[in-house]
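Step one of this worksheet: look at the structure below.
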There are 2 protein chains.
Amino acid sequence: MLSAALRIVDTEGLDALTMRRLGQELGRDPMSLYRYAANRAALLDGVNELVLNELAIFPEDRDWQAQLRRIAHDLRLLALSHPNVVPLLVTRPLSTPLGLRPLGILRPLEQILSLLIDAGFPAEDALHVYRAYYGFLYGHILNELQEFIVDPEENEALLRLGLHRLPPKEFPRLRALAPVLADYDGAAELDQGISILLSGLAAQLSPPPATP
Amino acid sequence: MLSAALRIVDTEGLDALTMRRLGQELGRDPMSLYRYAANRAALLDGVNELVLNELAIFPEDRDWQAQLRRIAHDLRLLALSHPNVVPLLVTRPLSTPLGLRPLGILRPLEQILSLLIDAGFPAEDALHVYRAYYGFLYGHILNELQEFIVDPEENEALLRLGLHRLPPKEFPRLRALAPVLADYDGAAELDQGISILLSGLAAQLSPPPATP
DNA sequence: ACAACTTCTCTACGCTGTAGACTTTACCTG
DNA sequence: CAGGTAAAGTCTACAGCGTAGAGAAGTTGT
């Protein structure tokens, strides 16, 4: 059921995921969905969970930096392949206290904490590392998707056209950067940011012994 | 009109901002709102703009690091005082191509680019710095708000209660960190992350001459 | 005073999530 | 196999939503 919901979200957008539409997709009465999800909100949480479960984390790995870097790239790709789910990813937790969120959404948090603690960080530092890391990661994904042109029309022209609308006096920098904006290597930018962040964090907090 | 809308969002949440509700707040017919906003979406953009306009940026300042750090703290406080607007802040641009967004939303982008370029960065590097910076900033704000307990009930107890629900076998780290999670100094964490990021960026990209 | 134009109001339509009563199906027990 | 119990699915209905379109009221220019 959740996979059908995800299919609708991916192909038709978040708003298209209505109870009636999902019921039709499954060939069932819309009301029957309430046996599996108490709410439409719960349904959205389910989709959210389903996507997050595609993310593989191996907390046993001792090389925390490599692991975090890989996870970052994986999550980025996940977001790019389900762009319509991203609003859910960043917005749903805002309205649910931490402890009451679906387990599938809390699992990555637990696993990354575990990874960091096993790698030698004191629990409290692990939390700090996690926050800086996940904060940057989510921010990057949002940023990249915001610049991503979903329009089926030719990209660059439309982008330039959009920017052309801006008053030149007020937005000279942005207009001048139009060609650079057009080719955005998200993976490289993410990797570079992660590098800066991880080495900075490692230098600042007590570095883990890293000897098994 | 927008300020009335913002008032509703702040006090009653995003969903409470309906055309009928806003009309009632203004003592006007709901349909009269369409003279000022083409859409409900445009209305949300307006609220978004209104909040972002509270953010002051001084592109003439030569000390880009101090300036970016101040802006980060300002935006954080802004987000904390309008938490219900944050979903708008991060979500709305996802459905609008960059060039077609309201000017008030693009203005911070332009101003920060201007700040960086005036501080000596080549235009292209300025864009990279901006992306890493804004990405981290947005990510931090999301993170902090996600941990923020809006519940009027006593914080710590409720948080622990929520966490207590988690199966101990599966979430040992998270449960153990409950007391630490409870007191989260968002400003300090943001400042520390910004420090790491800015110094890393300055070291990596051609450092600005910084001599006026 | 009349006309043109803007602004506001009213009604109505199709859509939404979901409560509550009802019917059908599945399964387990004697 | 028969009968009862629980689960799953269906139907109808309601209040609320955004907003199209026609009309009323008010304002301004000549």
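Each chain gets a letter, A, B and so on, in the order its sequence line appears, and its residues count up from 1. Values in this document were obtained by computation on a predicted structure and should not be read as measured data.
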(message) Using a strict threshold of under 4.0 Å (side-chain N to carboxylate O), is an ion pair present between B/R69 and B/D74?
(response) no
(request) Using a strict 4.0 Å threshold on nitrogen-to-oxygen distance, state whether B/R7 and B/E12 make a salt bridge. (result) no
(message) Measuring to OP1 and OP2 of D/dA7, would you say a side-chain N or O of A/Y34 lies under 4.0 angstrom away?
(response) no
(request) Would you kindly check if the NZ (Lys) or CZ (Arg) of B/R131 is within the cone defined by 45 degrees around the ring axis of A/Y184 and under 6.0 Å from the six-membered ring centre? (result) yes
(request) Round to a whole Å and report the spacing from CG of B/L22 to P of D/dT19. (result) 13 Å
(request) Using only heavy-atom distances, determine whether the side chains of A/R101 and A/T96 contain a donor-acceptor pair under 3.5 Å. (result) no
(request) Answer yes when B/R107 and A/E170 have at least one side-chain N-carboxylate O distance shorter than 4.0 Å, and no when they do not. (result) yes
(request) Round to the nearest Å and state the distance from A/M1 atom CE to D/dA8 atom C1'. (result) 13 Å
(message) Distance check needed: C/dG17 P versus A/L43 CG, whole Å only.
(response) 9 Å
(message) Between B/N39 and D/dT19, is there a contact of a side-chain N or O with OP1 or OP2 at under 4.0 Å?
(response) yes
(request) Starting from C1' on C/dA19, measure out to CE on A/M31 and report it in whole angstrom. (result) 7 Å
(message) If the cut-off is 4.0 Å, is A/R35 near the phosphate of D/dA8, judged by side-chain N/O to OP1 or OP2?
(response) no
(request) Nearest whole angstrom, please: distance from the P of C/dT24 to the CZ of A/R28. (result) 17 Å
(request) Return yes if the base of D/dG18 and the side-chain atoms of B/R20 contain a donor-acceptor N/O pair under 3.5 Å, otherwise no. (result) yes
(request) State whether A/T18 places a side-chain N or O below 4.0 Å from either non-bridging phosphate oxygen (OP1 or OP2) of C/dT16. (result) yes
(message) Without decimals, in angstroms, what is the distance between A/D15 CG and D/dG18 C1'?
(response) 12 Å
(request) Using whole Å, report how far CG of A/D29 lies from C1' of C/dT18. (result) 12 Å
(message) Both B/M19 and A/Y36 contact DNA chain D. Taking the nearest nucleotide for each, which residue is further toward the 5' end?
(response) A/Y36
(request) Figure out the CD/P separation between A/Q24 and D/dG9, and round it to whole Å. (result) 18 Å
